[in-house]
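Shown next, in structure tokens, is the structure this report addresses.
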Protein chains: 2
Amino acid sequence: MTATPETDTPTARGKRPKQGEPVIDRALSLLAVFSDRRRALTLSELARHAGMPAPTALRLIARLVAWGALERLDDGRYVVGVRLWEVASLSPRGHGVREIALPYLEDLFEVTRHHVLLAVRDNEQAVLIERLSAKDATEVAYRVGGRAPLRSTAIGLVLLAGADQQFQETILKRPPEIEPGVSEMPEGQLRRTLSDVRRTGIAMIRRSLPSRTVSVASPIFDAQGAVVASLSIVVPDGSTPPNVLAPAVRAAARAVSRNLGFQAQASTDIRTHSNG
Amino acid sequence: MTATPETDTPTARGKRPKQGEPVIDRALSLLAVFSDRRRALTLSELARHAGMPAPTALRLIARLVAWGALERLDDGRYVVGVRLWEVASLSPRGHGVREIALPYLEDLFEVTRHHVLLAVRDNEQAVLIERLSAKDATEVAYRVGGRAPLRSTAIGLVLLAGADQQFQETILKRPPEIEPGVSEMPEGQLRRTLSDVRRTGIAMIRRSLPSRTVSVASPIFDAQGAVVASLSIVVPDGSTPPNVLAPAVRAAARAVSRNLGFQAQASTDIRTHSNG
DNA sequence: CAGGGTGCTTTCAATGGTTGGAATAGTATT
DNA sequence: AATACTATTCCAACCATTGAAAGCACCCTG
């Protein structure tokens, strides 16, 4: 289009860049480069992983640093800033539920002295919102801010069981992922499990890796009766019988639900929402 | 107004907009609109508070929602999203110190059953990173993610005392702010106080509002000996003598410091850094 | 101490993503 | 029905954005 090839240098200095992506997306993709394993990154690392030239990355990063989304260390590397954390703490599904649930998590933790977890669902995974652990606790399962699968963890099964039908079907039809340490679950069994979880308000999973543990989880409801979070406890296999843990976990989850305005139903069944 | 429909149009359709601000800054200013009191906002509220036209705000927000920085509620309002919280949890000075300190905060909390606070400094304020509170605790002082002044809180004084000289001077020369509930501190007294804090590793403040409380705080050091955080306990005035609290708070803070790689010095003095 | 390598920063002309007034549709209030 | 407010779509003008190129700074290794 509009060639006009005369007298010009085909690839002169100002070569046409491809561009094409919104600036915000690029900036956000820079934030997305950070992960558990990448908490402090150099400019070139950020540029490389975000897939953009260094000058572009530098310009964007400069804006992020100016605002406080990123901070620069003495050695020149960049880390996620406190300002971003501050805004993020206003996330209702992040710190929101956490704030309300924390006292009850603490109670449960004090009594049991084992890992107490709180998670919400984000798309097809569970995001860990809180974890209380003793200093000498068993090997850590997941870290706060990390993600866990829905199908092979107790905390995830609860969230899956409480999700809208359509979403559940999508997940159910997906072929089971091979994950070491947990016994696989084909669609039929998974369906029955989810049904049980809804009926009993309890999900339970045994793991053999990274260590032999038993997880018990229970749903947290909001005022509308929707499952908004999942509360779980993880104990070394054989330490405390699951049937002793279950009532404690369910009681804690119920206490949080009540605090969120949930009125307990006559039936204990989880009502699945056909639309979410 | 100003009909002038057909024929000549001096200021035709495509009128020159002022523009002039980087896109990222605009997007970030949208995030900055959210606060403790504004956790769920409509498009027009966001546009108004961020000072931009609705269509512009909508376009930017659409990108933020697509990435997960914001989420849209059923009623059309926007809230901070879990994805943003997830990235923010990688903030070393945010969740980083929190993760390491939490077990020790829990210990202190279990023993005392009073508010236990953890904060870092961001510019001229303390940002609350963690707060453990009993369900029936006294009136809350500050919330997690919120900010507290450096000069009139125990947790802030510790951070101020450990800041670089240049910064301290800037703050010291600022006229004392009038805040109800705390006794004011002129420059001279503040200087002496900060010196005491450095020497003893303890800051103490009495408040009469919102309730009569005593706060005791102690610094947390990193491997380089810099004050990176402040640990505090807030108790109702008269409940527990401060001289009983001080050793417990200092011990907890020291335990966290050790975990950060800090080697205790012969002297207990806080070394102020001339450059930070 | 040249020489090669890596990473950070600045420059600058071309350009395409960005902009916001205007129009339209939807919703609540008078 | 009229009024007021919010949300969304449209689009032509335009300026912020872009990235190759070059310049710095700082390692290494020979």
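All chains are named by letter (A, B, ...) in the order of the sequence lines, taking the proteins before the strands, and each is independently numbered beginning at 1. This one's a predicted model, so the numbers in the text were calculated from it and none came from an experiment.
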Exercise. Ignoring hydrogens and angles, are the base of C/dG17 and the side chain of A/R26 linked by a donor-acceptor pair under 3.5 Å?
Worked result: no
Exercise. Less than 4.0 Å between a side-chain N and a carboxylate O, is that true for A/R147 and B/E86?
Worked result: yes
Problem set entry | Out of C/dT9, C/dT19, D/dT9, whichever nucleotide has its closest atom nearest the side chain of B/P55 | D/dT9
Exercise. Taking only N and O in the side chain of A/R59, is any of them less than 4.0 Å away from OP1 or OP2 of D/dT18?
Worked result: yes
Exercise. Under the side-chain contact (heavy atoms from CB on, under 4.5 Å) criterion, do A/I24 and A/L28 qualify, and how do the steps go?
Worked result: CA-CA 6 Å; A/I24 302 191; A/L28 293 173; 3.8 Å; yes
For this session: Taking the six-membered ring of A/W85 (Phe, Tyr or Trp), confirm whether the NZ or CZ of B/R93 is under 6.0 Å from its centre and within 45° of its axis.
Result: no
Seminar exercise, completed: Rounded to 10°, the helix from C/dG4-D/dC27 to C/dT30-D/dA1 deviates from straight, judged by its five-pair end axes, by 40°
For this session: For A/D25 and D/dT18, give me the distance from atom CG to atom C1', rounded to whole Å.
Result: 16 Å
Exercise. Does a side-chain N-to-carboxylate-O contact under 4.0 Å join A/R143 and A/E130?
Worked result: no
Exercise. Under 30°, 30 to 60°, or over 60°: which ring-plane class applies to B/F221 and B/F262, parallel, tilted or perpendicular?
Worked result: parallel
Exercise. Between B/E124 and B/R174, does at least one N-O distance fall below 4.0 Å, as a salt bridge requires?
Worked result: yes
For this session: Compare side-chain N and O positions of B/T56 against OP1 and OP2 of C/dT19 and report whether any pair is under 4.0 Å apart.
Result: no
Seminar exercise, completed: Rounded to whole Å, CZ of A/R72 lies from C1' of C/dT9 at a distance of 10 Å
Problem set entry | Closest contact, heavy atoms only, A/E71 versus A/V82 | OE2-N, 2.9 Å
Seminar exercise, completed: Residues of residues 40-52 of chain A with a heavy atom under 4.0 Å from any atom of DNA chain C, listed by number, are A/T42, A/L43, A/S44
Exercise. If you look at every strand shown and take non-hydrogen atoms under 4.0 Å, does A/P53 touch a base, only sugar-phosphate, or nothing?
Worked result: sugar-phosphate
